[in-house]
Structures are given as C-alpha cells and as structure tokens.
Participant: 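One structure, pasted below without further comment.
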Amino acid sequence: MEKTVRVRFAPSPTGALHIGGVRTALFNYLFAKKHKGQFLIRIEDTDQTRFVPGAEAYIIKALEWCGIVADESPLVGGPCAPYRQSERKPMYAQYAYRMVEEGTAYYAFDTEQELDEMREKLKAARVASPQYNAITRMQMKNSLTLPEEEVKARLASGDPYVIRIKMPRKEEVRLNDLVRGWVVVHTSTLDDKVLLKSDGMPTYHLANVVDDYLMKITHVIRGEEWLPSAPLHVLLYKYLGWEAQMPQFAHLPLLLRPDGNGKLSKRDGDRLGFPVFPMDWQDPFNPEDKASGYREAGYFPDAFINFLALLGWNPGTTQEIFTMEELTQAFSIERINKAGIKFDIDKAKWYNQHYLRQKPDNELAIYLTNELEKQQINCSLEKAAKIVSLMKERAIFLADIWSEAQYLFFAPSSYDEKAASKWSNEASIVLEDYAQQLIRATDSISSEQAKQILHDCTEKLQMKIGKAMPALRLALTGHAAGPDLMEIISLLGAKEATSRIKTALANFEKMLG
RNA sequence: GCGCCGUUCAUCUAGGGGUUAGGAUGCCACCCUUUCACGGUGGAAACACGGGUUCGAUUCCCGUACGGCGUACCA
C-alpha cells in the first residue's frame with residue numbers, strides 16, 4: 001500500500017543555485033534513491049519579472065556536476081510534463097476559481113496603493129501585524145464586501161483582480177513535520193495570501209500545492225524558510241479536497257553565515273573568501289552579478305557532495321567519508337537535525353584534501369599535463385603521474401599540485417629569503433662537491449643514485465647530511481620546503497640539477513662575499 | 001512588533017534521566033622525517049541561563065536570553 005516515493009526539487013530560476021539549494025536537492029535525491037523512487041526537478045518561474053536567462057540551465061548543469069540527475073525534469077521530460085510552471089500556467093486558475101465558488105477564496109480588486117494605505121493605517125493604529133486578514137478584508141475592495149453586481153461588472157470589464165484565500169478566523173492548523181514533529185499554528189496569525197496574481201499566474205503557494213498534487217509528490221523536503229507558510233499549504237490541500245494525497249513535509253535546517261548573523265547568502269561568499277555556488281556564475285544581462293563556484297575553486301564534486309551531505313544530517317556512526325551510493329544507503333530523514341548550521345569552509349577543504357589523496361595518480365596526471373600544455377610544456381603522462389604522486393600529499397586542490405610543480409619545469413628565479421639567510425660556507429662546499437659528482441652521473445638519474453652520491457659527498461667532507469639538505473633544496477627549488485629532494489633531482493635530471501646548483505652557488509658566493 | 005523554529009567544545013556533530021559527555025574539522029605539543037606536508041600519539045576545548053518534575057537532570061516540562069526564518073500580486 002506504500003506509494004512510490006516521489007520528491008521534487010523546485011528552484012526558482014532567478015540566478016545561480018545557492019549551495020543551500022544544492023543541499024536541498026541532494027537530500028531530496030538521496031531520499032528518492034534510497035526508497036527507489038523518483039526525483040524530479042520542477043522550475044518555479046511564476047514570477048516573470050524575476051526571470052533570469054541562463055539560470056535554469058545553470059541549475060541543472062550544477063546539479064549534474066554534483067552527480068544529481070533528475071528522473072523527470074524540463075530537460076528530460078516525464079509523465080507530468082511540462083516541468084516549468086510558466087508552461088503550466090493554464091492549469092492553475094481553475095483551482096483558484098473552484099475555491100472561490102466553494103467559498104474558501106475570493107476576488108480582491110485592491111490596487112497596490114490601496115494595499116499600502118491599509119498597511120500604513122494599521123501601522124499608525126499600532127496593530128500588531130498589518131495584514132490582509134479576516135478582520136481587515138471587510139474594509140477592502142473584494143467580492144466579500146462589494147455588491148454582487150459590482151463584482152460581476154468588474155470581472156466582466158476586465159478589472160484587474162487577484163484571488164485570495166479566505167483564511168478562517170479561528171482555527172488551528174497542524175502538521176506533522178518529519179524533522180520537527182507537530183507544528184501548530186493558529187489561523188488568526190495567518191493572512192489572506194494571494195493565490196492567483198492579476199497577471200493570471202499563480203503564486204508560489206498555489207502552484208506548489210497544485211503541482212505537488214498533480215505530480216503525485218509524496219514528500220516535500222525543502223528549506224526551513226518555508227515552514228511559516230506550510231500551514232497555508234496544508235489548508236490549501238484541505239480546501240482543494242486533496243488531504244488524503246497531501247505529501248509529508250520535512251523542513252531542513254538552514255545554512256547560516258560562519259561569522260554570526262543571518263543565513264548564508266549570495267554575497268557572503270566572495271566577502272568571506274569561499275564560494276557559495278557550485279559553479280561560477282555570471283548573469284548574461286547583468287555582468288555585475290557574478291560569483292565564483294566550487295568547481296572552479298578546485299573542489300571535486302564527490303568531496304563537495306560528501307561535505308554537503310553531512311551538513312544537518314549524520315549517519316549516526318562515526319563514518320564521514322561517503323560515496324553517493326553509500327549516502328543513499330545511509331540516508332534517512334529521521335537523522336536530519338533541527339538546528340541551523342554555521343557554514344565552515346575548513347571542513348570542505350579537509351574533504352577535498354582527502355578525496356585528492358584518494359584519486360589515482362594517472363587520473364590526476366591528465367589534469368597536470370593539460371595545465372602544462374597551456375604553458376607549452378611537454379610532459380609525458382608517466383612523468384606527470386610521478387610528479388602527482390610526489391606532490392599530492394601536500395595539496396588540497398589540484399591547483400596546488402601545479403603551483404608546487406612549477407619548479408620542476410622552471411629554475412628558481414628567486415630564493416626563499418629566510419632559508420637563503422641561513423646559507424653557509426659549509427653549504428657551498430658540499431654543494432660544490434655534489435655538483436661535481438652529479439654531472440658525471442647519467443642524466444636520467446634515480447633518486448637512489450642521487451642520494452648515494454650525496455651521502456658520499458657528505459661523508460668525504462665529514463658533514464651531516466641534514467646540513468646540506470636545506471641548501472640543496474634552496475638551490476634546486478628556491479623554496480624552504482617541499483617533497484622528497486632526491487625524487488626532485490631524479491625528475492629534474494642530473495644535468496638540470498647540476499646547473500641549478502651552480503647558479504645558486506654563484507648567487508650565494510656574492511652574498512657571502 | 002507579531003508568528004513559527006531552534007540552542008552539546010571555535011565549527012560540524014554523537015548521546016541521552018545516573019557517561020571520565022564520544023567523534024570529526026581547526027588549533028597546540030610530541031613522534032616520524034633532510035624540510036614542509038602526510039601519518040601516528042597526546043592535549044586544550046561544550047551540554048545558554050533560571051525555575052520546576054525527580055533520589056538524581058545536559059537529557060523531561062515551563063519561562064528567560066540568544067539566534068534563525070517568516071511576516072509581498074518573491075520564491
């Protein structure tokens with residue numbers, strides 16, 4: 001008797017998809033997959049004034065990058081097509097009219113100014129919440145206050161109107177949220193929300209309920225910002241006679257700003273130094289509106305998803321690393337938290353570092369050679385794989401590997417100052433000798449050979465190898481720290497290594513006078 | 001203002017009437033190491049406050065504080 005699980009992610013194409021939205025989509029997706037149900041994407045574009053071209057494509061592409069692919073969507077279609085509310089426009093009005101006929105909604109003819117005036121007046125009278133509600137609607141221009149003939153005349157003459165829900169004056173609305181338990185709201189605190197706008201489009205509230213019903217949605221998993229209007233939605237299901245088909249609700253805790261107040265928003269990202277969007281975004285008609293994304297910042301989609309999944313949800317075990325498959329197995333709504341989450345980018349970095357280390361070298365090598373090609377540097381995949389295995393332990397992002405690897409292709413143009421200041425005469429002596437020996441070796445020297453030669457030198461000169469290493473590293477790379485030096489020499493080749501040592505020697509001779 | 005939701009280390013969190021309140025990130029120390037990192041070991045670090053209920057409350061209830069969301073012909 002259990003219905004097939006059907007959930008939807010219903011973004012509004014008003015811009016880039018926020019990271020919180022990605023998480024909402026993810027939770028929906030995981031829930032659907034866990035229960036072998038369907039995950040659909042529905043575009044909520046009922047507000048034509050806020051439509052942003054490219055936003056829908058961005059949203060779908062971003063989710064795809066994350067590995068979240070919809071079973072039904074405007075792109076792939078499905079049994080409940082179309083999946084854009086703008087294309088479903090003709091379907092909504094009938095339900096609003098039905099409610100008017102049945103007395104649970106009414107026509108309202110008030111102009112914007114009249115509404116403003118009403119609010120001003122109520123504010124002046126210090127009414128707690130200036131709303132269009134059971135009390136104030138009797139002072140407004142609507143089918144409840146106007147004579148029937150006038151209403152008819154206005155409708156016939158094409159007077160602009162909206163349809164509002166007739167919110168009952170004293171009633172308790174209750175819903176059993178899967179995350180929060182019973183939530184009870186009194187209708188006296190709710191207002192007569194607009195259901196159908198004067199342009200004939202439904203508002204979110206109507207469209208959302210109608211579509212969820214028509215699309216046979218079983219669970220509505222959405223952000224907590226919707227909790228206050230959930231009772232309104234419950235009422236709509238009731239008035240439309242769909243109570244039995246009403247989906248279950250689960251309101252997710254919000255992603256909050258790391259530095260204190262408010263929910264994570266668009267602008268926080270670049271201000272606080274981390275992306276809030278999955279991919280780079282630029283509004284085609286408003287180039288000012290742009291933001292950086294996780295993809296371009298070097299995050300792996302699997303790391304990103306893993307990180308997101310554990311924001312507000314946990315498996316109840318100490319496991320923290322999950323593939324998408326493991327997530328779908330482990331996911332359950334019962335283990336979603338109630339409290340908001342302060343966003344912490346450090347954890348995301350840790351995940352990325354972890355995933356980077358797990359990636360096979362030959363896979364990462366492809367990226368490296370691509371980067372190198374951009375600089376006209378030829379490098380075999382084999383060599384690139386070696387470089388990667390050497391560098392990846394100390395990297396968080398792929399780009400770290402590249403920036404670290406620079407010195408394997410370019411001789412240092414400057415030296416780390418602190419390390420350079422420690423350069424000594426002894427260092428010069430060993431390196432002088434080492435260079436002499438190294439030049440005699442074959443160019444394709446192994447790290448073992450390089451090490452052997454260095455040992456021979458230091459032994460002969462009765463010097464500690466630890467003395468020579470920092471100077472050698474400085475000469476070879478210009479840096480004070482890095483991966484195994486002997487491996488670096490092997491990668492560089494004996495010839496290049498010798499040449500760099502000689503250059504360094506010459507440079508530091510001047511310095512030492 | 002009003003309504004709703006929330007509150008365990010700095011952060012993400014486990015737990016739940018009797019626990020040395022557990023893990024992870026970050027931070028610190030030590031070990032490993034030529035250095036840095038990785039890894040390993042260890043450390044500092046939390047139940048918002050006040051009342052109840054109870055033999056006992058961080059856990060249950062009520063307040064307060066603080067925070068979040070909502071309060072549009074936006075979603």
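Hydrogens, waters and symmetry mates play no part in the numbers below; they use all other heavy atoms, side chains included.
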Participant: Quick one: is A:R335 getting a side-chain N or O under 4.0 Å of the B:rG15 phosphate, OP1 or OP2?
Facilitator: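 So the side chain of A:R335 is within the cut-off, an N or O lying under 4.0 Å from OP1 or OP2 of B:rG15.
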Participant: Applying a 4.0 Å non-hydrogen cut-off, can you work out what A:N337 is touching in the nucleic acid: base, sugar-phosphate, or nothing?
Facilitator: sugar-phosphate
Participant: How does protein contact run along nucleotides 2-10 of chain B, one letter per nucleotide 5' to 3', with B for base contact, S for sugar-phosphate only, - for none, heavy atoms under 4.0 Å?
Facilitator: -BSBSS---
Participant: Describe the nucleic acid contact of A:V194 in one word from base, sugar-phosphate, nothing, applying a heavy-atom distance below 4.0 Å.
Facilitator: sugar-phosphate
Participant: Answer yes if the ring centres of A:W313 and A:F27 are under 6.0 angstrom apart, and no otherwise.
Facilitator: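 Distance test on ring centres: not under 6.0 Å, no.
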Participant: Using a 4.0 Å cut-off on heavy atoms, which residues in residues 309-319 of chain A reach RNA chain B? List them by number, or say none.
Facilitator: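 Heavy-atom contacts with RNA chain B come from A:L310, A:L311, A:G312, A:N314, A:T318.
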Participant: Are A:R154 and A:F109 in a cation-pi contact, defined as NZ or CZ under 6.0 Å from the six-membered ring centre and within 45° of the axis?
Facilitator: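 Geometry flag: set, cation within 6.0 Å and 45°.
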Participant: Using atom C1' in both nucleotides, what's the gap between B:rC12 and B:rC2 to the nearest angstrom?
Facilitator: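 B:rC12 and B:rC2 have their C1' atoms separated by 33 Å.
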Participant: Got A:L252 and A:E224 here, is their nearest side-chain heavy-atom distance under 4.5 Å?
Facilitator: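 No, too far: nothing below the 4.5 Å cut-off.
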Participant: Where do N or O atoms of nucleotides 37-41 of chain B meet protein N or O atoms at under 3.5 Å, pair by pair?
Facilitator:
from   : atom 1 : to     : atom 2 : distance (Å)
B:rA37 : O2'    : A:E393 : O      : 3.1
B:rC38 : O3'    : A:R357 : NH1    : 3.0
B:rC38 : O2'    : A:E393 : OE1    : 2.7
B:rG39 : OP1    : A:R357 : NH1    : 3.1

Participant: Whether A:R335 engages the ring of A:F331 as a cation-pi pair (distance to the six-membered ring centre under 6.0 angstrom, angle to the ring normal within 45°) should be assessed.
Facilitator: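 No - A:R335 does not lie over the ring of A:F331 by the 6.0 Å and 45° rule.
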Participant: Mind checking the P distance from B:rG63 to B:rU7? Whole angstroms is fine.
Facilitator: 16 Å
Participant: In whole Å, measure the gap between the P atoms of B:rU59 and B:rC73 for me.
Facilitator: 43 Å
Participant: Whole Å only: how far is the CZ atom of A:F307 from the P atom of B:rC12?
Facilitator: 11 Å
Participant: For A:F307, does the six-membered ring have the charged nitrogen or CZ of A:K347 within the cation-pi criterion, i.e. under 6.0 angstrom from the centroid and within 45° of the normal?
Facilitator: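 The answer is no; the distance or angle limit is not met.
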Participant: Taking only the C1' atom of each, what is the distance from B:rU58 to B:rU13 in whole angstrom?
Facilitator: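 So the two C1' atoms sit 16 Å from each other.
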Participant: Tell me whether the rings of A:Y107 and A:Y97 are parallel (<30°), tilted (30 to 60°) or perpendicular (>60°).
Facilitator: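 Aromatic pair A:Y107/A:Y97 classed tilted.
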Participant: Say you pick atom C1' in B:rC9 and the same atom in B:rA21; how far apart are they, in whole Å?
Facilitator: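 Straight-line distance between the two C1' atoms is 11 Å.
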Participant: Aromatic rings A:F249 and A:H251: how do their planes relate, parallel, tilted or perpendicular, breaks at 30° and 60°?
Facilitator: parallel
Participant: With sequence neighbours left out, what residues match A:D116 under salt bridge (Lys or Arg N to Asp or Glu O under 4.0 Å)?
Facilitator: A:R119
Participant: Take atom P in B:rA48 and the same atom in B:rU8, then report the distance between them in whole Å.
Facilitator: 6 Å
Participant: Anything under 3.5 Å between a protein N or O and an N or O of nucleotides 27-31 of chain B, put it in a table, one pair a line.
Facilitator:
none

Participant: Distance check, P atoms only: B:rC49 and B:rU11, in whole angstrom units.
Facilitator: 15 Å
Participant: Could you tell me if the ring centre of A:Y415 sits under 6.0 Å from that of A:F508?
Facilitator: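 Under 6.0 Å, so yes.
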Participant: Under a 3.5 Å limit for both distances, which nucleotide forms a Watson-Crick or G-U wobble pair with B:rG18, could you say?
Facilitator: B:rC55
Participant: With a non-hydrogen cut-off below 4.0 angstrom, is A:L485 in contact with a base, only sugar-phosphate, or nothing?
Facilitator: base
Participant: Both A:P253 and A:E112 contact RNA chain B. Taking the nearest nucleotide for each, which residue is further toward the 5' end?
Facilitator: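 The answer here is A:P253.
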Participant: Checking ring pair (Phe, Tyr, Trp, His ring centres under 6.0 Å) against A:Y299, which of A:F274, A:F304, A:Y355, A:F397 comes through?
Facilitator: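 So the option named by the test is A:F397.
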Participant: Under 4.0 angstrom, heavy atoms only, what part of the nucleic acid is A:Q131 near: base, sugar-phosphate, or nothing?
Facilitator: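 The residue A:Q131 makes sugar-phosphate contact but no base contact.
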Participant: B:rA72 C1' sits how many Å from A:N133 CG, rounded?
Facilitator: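 It is 15 Å, rounded to the nearest whole Å.
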Participant: Please tell me which of the listed nucleotides, B:rU34, B:rU25, B:rC74, lies nearest to the side chain of A:K347?
Facilitator: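 Within the option list, the nearest is B:rU25.
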Participant: Are A:D110 and A:K141 close enough for a salt bridge, meaning some N to O gap below 4.0 Å?
Facilitator: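 Here A:D110 does not pair with A:K141 in a salt bridge, since their nearest N and O are not under 4.0 Å apart.
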Participant: When we call it a touch if two heavy atoms are under 4.0 Å apart, what does A:R126 touch: a base, just sugar-phosphate, or nothing?
Facilitator: nothing
Participant: If we only count heavy atoms from C-beta on, is the A:I41 to A:I43 side-chain gap below 4.5 Å?
Facilitator: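 With C-beta onward as the side chain, the pair touches.
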Participant: Can you tell me how far P of B:rU25 sits from CG of A:N352, to the nearest Å?
Facilitator: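 A:N352 atom CG is separated from B:rU25 atom P by 15 Å.
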Participant: In whole angstrom, give the distance that lies between atom NZ of A:K349 and atom P of B:rC12.
Facilitator: 17 Å
Participant: Quantified in whole Å, what is the P atom distance between nucleotide B:rA37 and nucleotide B:rA46?
Facilitator: 27 Å
Participant: Going from CG on A:L485 to CG on A:L491, what distance comes out if it is rounded to the nearest 0.5 angstrom?
Facilitator: 12.0 Å
Participant: Check this for me, if you would: do A:D433 and A:K460 make a salt bridge, where the nitrogen-to-carboxylate-oxygen distance has to be below 4.0 angstrom?
Facilitator: yes
Participant: Under a 3.5 Å cut-off for both contacts, is B:rC73 paired Watson-Crick or G-U wobble with anything, and if yes, with which nucleotide?
Facilitator: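 Because no pair has both required distances under 3.5 Å, B:rC73 counts as unpaired.
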Participant: For residues A:A105 and A:I163, report the shortest heavy-atom separation together with the two atoms involved.
Facilitator: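 So the minimum-distance heavy-atom pair works out to CB-CG2, 3.8 Å.
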Participant: Just to confirm, is there a sub-4.0 Å distance from OP1 or OP2 of B:rA75 to any side-chain nitrogen or oxygen of A:T46?
Facilitator: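 Checking B:rA75 against A:T46, a side-chain N or O does come within under 4.0 Å of OP1 or OP2.
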Participant: Would you call A:D416 and A:K418 a salt bridge, using N to O less than 4.0 angstrom?
Facilitator: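 The answer is no: the pair does not qualify as a salt bridge.
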Participant: Remember a base hit wins even if backbone is also touched, and classify A:R222 as base, sugar-phosphate or nothing at under 4.0 Å, heavy atoms.
Facilitator: nothing
Participant: So what's B:rA45 paired with, Watson-Crick or G-U wobble, going by both distances under 3.5 Å?
Facilitator: none
Participant: Can you list the residues that meet the ring pair (Phe, Tyr, Trp, His ring centres under 6.0 Å) rule with A:Y204, with sequence neighbours excluded?
Facilitator: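 Ring pair (Phe, Tyr, Trp, His ring centres under 6.0 Å) check on A:Y204 returns A:W226, A:H233.
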Participant: With a 3.5 angstrom cut-off on both distances, give the Watson-Crick or G-U wobble partner of B:rG50, or none if there isn't one.
Facilitator: B:rC62
Participant: In whole Å, I'd like the distance from the CD1 atom of A:I488 to the P atom of B:rU35.
Facilitator: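 These atoms are roughly 14 Å apart.
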Participant: What integer distance in Å separates A:Y407:OH from B:rU35:P?
Facilitator: 15 Å
Participant: Base, sugar-phosphate alone, or nothing: which one does A:D110 contact when heavy atoms must sit under 4.0 Å apart?
Facilitator: base
Participant: Expressed in angstrom and rounded to an integer, what is the separation of A:E225 atom CD from B:rA72 atom C1'?
Facilitator: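 So the CD-C1' distance, A:E225 to B:rA72, works out to 16 Å.
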Participant: Partner of B:rG39 by Watson-Crick or G-U wobble geometry, both contacts under 3.5 Å, or none?
Facilitator: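 Here B:rG39 is engaged in a pair, and the nucleotide opposite it is B:rC31.
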Participant: Using atom CZ of A:R119 as one end and atom C1' of B:rU71 as the other, report the distance to the nearest whole Å.
Facilitator: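 Those two atoms, CZ and C1', are 10 Å apart.
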